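This report concerns only the one structure given below.
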Number of protein chains: 2
Amino acid sequence: MTSTADAPRSPGRPRSIRADEAIIEATLDLLAEGSTIEALSIEAIATRAGVGKATIYRRWAGKDALLLDALRRLKGVMAQPAGHSVRDDLVLLVGAIGKNVDPRAAKIMPCLAPAVNRSADQFQLYQNIISPRRQLMREVLRRGIDEGVLRADIDVEVTMALLTGPMLIQRVLQWNPDLDEQSLPERVVDAVLAGIQAR
Amino acid sequence: MTSTADAPRSPGRPRSIRADEAIIEATLDLLAEGSTIEALSIEAIATRAGVGKATIYRRWAGKDALLLDALRRLKGVMAQPAGHSVRDDLVLLVGAIGKNVDPRAAKIMPCLAPAVNRSADQFQLYQNIISPRRQLMREVLRRGIDEGVLRADIDVEVTMALLTGPMLIQRVLQWNPDLDEQSLPERVVDAVLAGIQAR
DNA sequence: GCGTTACGAGTCTGACCCGTATCGTATTTC
DNA sequence: GAAATACGATACGGGTCAGACTCGTAACGC
């Protein structure tokens, strides 16, 4: 991002904040409506935002830079576990997967899958977004171990994948159309807690 | 697909099977090399296949139809569980996730994530590929219940998501770069079997 | 050999897009 | 009010691509 630096003082008309907002919003809207990342054109964004193309190029170097900013805007606030019950905290965190504050996020996420694997930048962006969330879950699991609610010999990293994976493939890929998405967090957490082996 | 119908008998030169193959192969190659679905152009495919554009349009109505056929070709043979140990069968099935006979499949799969959510056709194609695999896993789980190895009260559908999800997000999204992909199937299966709750 | 169809290669029109430049106008500082 | 910079709109050259088409040639049935 270039604008709103600590600017000593510049002459001339200042950049419109409304234009900034409109451009970002238009980008996210178009993505959420089904445009894929590369089908997204600056021209379409400008039209949608009611803005001249030059206004976009004045702020960002190109589509990639704009996308980076737009997606950053999307990640929103992380869910905050209450800290009482380990199970309830896990249900909260699992339920928050792929469910950002911004409802457009759910539609946009699948589009990122290809980008994540092809561009190191996008991969880093993705990791930057999810690694603090992983950390949050890691802490809850560690707390569970400390409190004796969870076994001490579990593999925390694998457990995180166990909790996250089912939710993610369901939200991003609609992996199994017969699975009820709403009750899934609870059922996943309880299944992981209990295990499936007869005993 | 249009060719190789039960054709009563047609005059003129028959369609070249080699061209059919070359076009499909070129399509898969280009996808595996990093082209996204929509960046893929008929022109590029024709050039890569050493084929005229008309030869492609003579067989398929457009890019979508061609892609549908190409991806169908990709799904390959399903892993076949041995049927001795439920755990070993599950490890085999989980290990086979996203690991098709065709090595290009792993590179291509992430590209499909956006398509799956935007086109009903692509969604159906995806479900057609994975639902028999889900069925295979379902049968193993049911067998485990019958044999008393697994508890009778488990939710089979959720358990499948539990086993599949972690592997899929790791292979498709590189969700957690620190997770060792090779040992993951075993660790996932064992964790799901045992559960994580202290007891 | 003749009609038919396919072949690879290439051409052509019409979209669409990028990134830059140039309008006339609006908003700011000095 | 003058200089500077922003604005939306639009035009531009350069590029890629879809699809339909045209070549001259090749392979088949009769």
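Proteins get letters first, then strands, A, B, ... in listed order; numbering begins at 1 in each. These numbers were taken from a predicted model, which means no experiment stands behind them.
Following rounding to the nearest Å, Leu30(A) (CG) and dC17(C) (P) show an atom-to-atom distance of 11 Å. Rounded to whole angstrom, the span from the CH2 atom of Trp60(B) across to the P atom of dA6(C) amounts to 14 Å. Between Ile56(A) atom CD1 and dC18(C) atom C1' there is a gap of 12 Å when expressed in whole angstrom units. The CD atom of Glu43(A) sits 12 Å away from the P atom of dA11(D) (whole-angstrom rounding). At whole-Å resolution of the value, CD1 in Ile45(A) and P in dG8(D) are 14 Å apart. With rounding to whole Å, Asp64(B) atom CG is found 11 Å from dA18(D) atom P. In this structure, CZ of Arg58(B) is placed 13 Å from P of dA9(C), rounded to the nearest angstrom. At whole-Å resolution of the value, CZ in Arg48(B) and P in dA9(C) are 15 Å apart.
Taking the side-chain hydrogen bond (donor to acceptor under 3.5 Å, both in side chains) definition, one finds that Asn176(A) meets it with Glu157(B), sequence neighbours left out.
Here the side chain of Arg15(A) is nearest to one of dA4(D), dC17(D), dA6(D), namely dA6(D). If you check dA26(D), dC18(C), dT5(D) against the side chain of Arg13(B), the one that comes closest is dA26(D). Comparing atom distances between the Pro11(B) side chain and each of dT5(C), dC28(D), dA18(D) picks out dT5(C) as nearest.
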Quiz item: For Glu139(A) and Gln135(A), what are the C-alpha separation, side-chain angles and deciding distance, and is it a side chain to side chain donor-acceptor pair (under 3.5 Å)?
Solution: CA-CA 6 Å; Glu139(A) 283 163 10; Gln135(A) 181 57 28; 3.2 Å; yes
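Here Ile169(B) contributes atom CD1 and Met167(A) contributes atom CE; the two are 12.5 Å apart, rounded to the nearest 0.5 Å.
Summary of the strand contacts: Ala44(B) and Val51(A) both lie near DNA chain D, and taking for each the nucleotide with the nearest heavy atom, the more 5' one is attributed to Val51(A). Map Gly52(A) and Ile42(B) each onto its nearest nucleotide of DNA chain D; the residue landing nearer the 5' end is Gly52(A). Along DNA chain C, the nucleotide nearest to Thr55(B) and the one nearest to Gly12(B) differ in position, and the one closer to the 5' end is contacted by Gly12(B).
In summary, the side chains of Gln127(A) and Arg134(A) do present a donor paired with an acceptor at a separation below 3.5 Å, with no hydrogens or angles considered.
For dG19(C), the base has a donor-acceptor partner in the side chain of Lys53(A) [N/O atoms by modelled type, under 3.5 angstrom].
Ala54(B) comes within 4.0 angstrom of a base, heavy atoms only. Gly62(A) comes within 4.0 angstrom of no nucleic acid atom, judged by non-hydrogen atoms across all strands.
Shown here is Lys107(B), whose NZ atom has no more than 12 heavy atoms of other residues, nucleotides or ligands within 6.0 Å.
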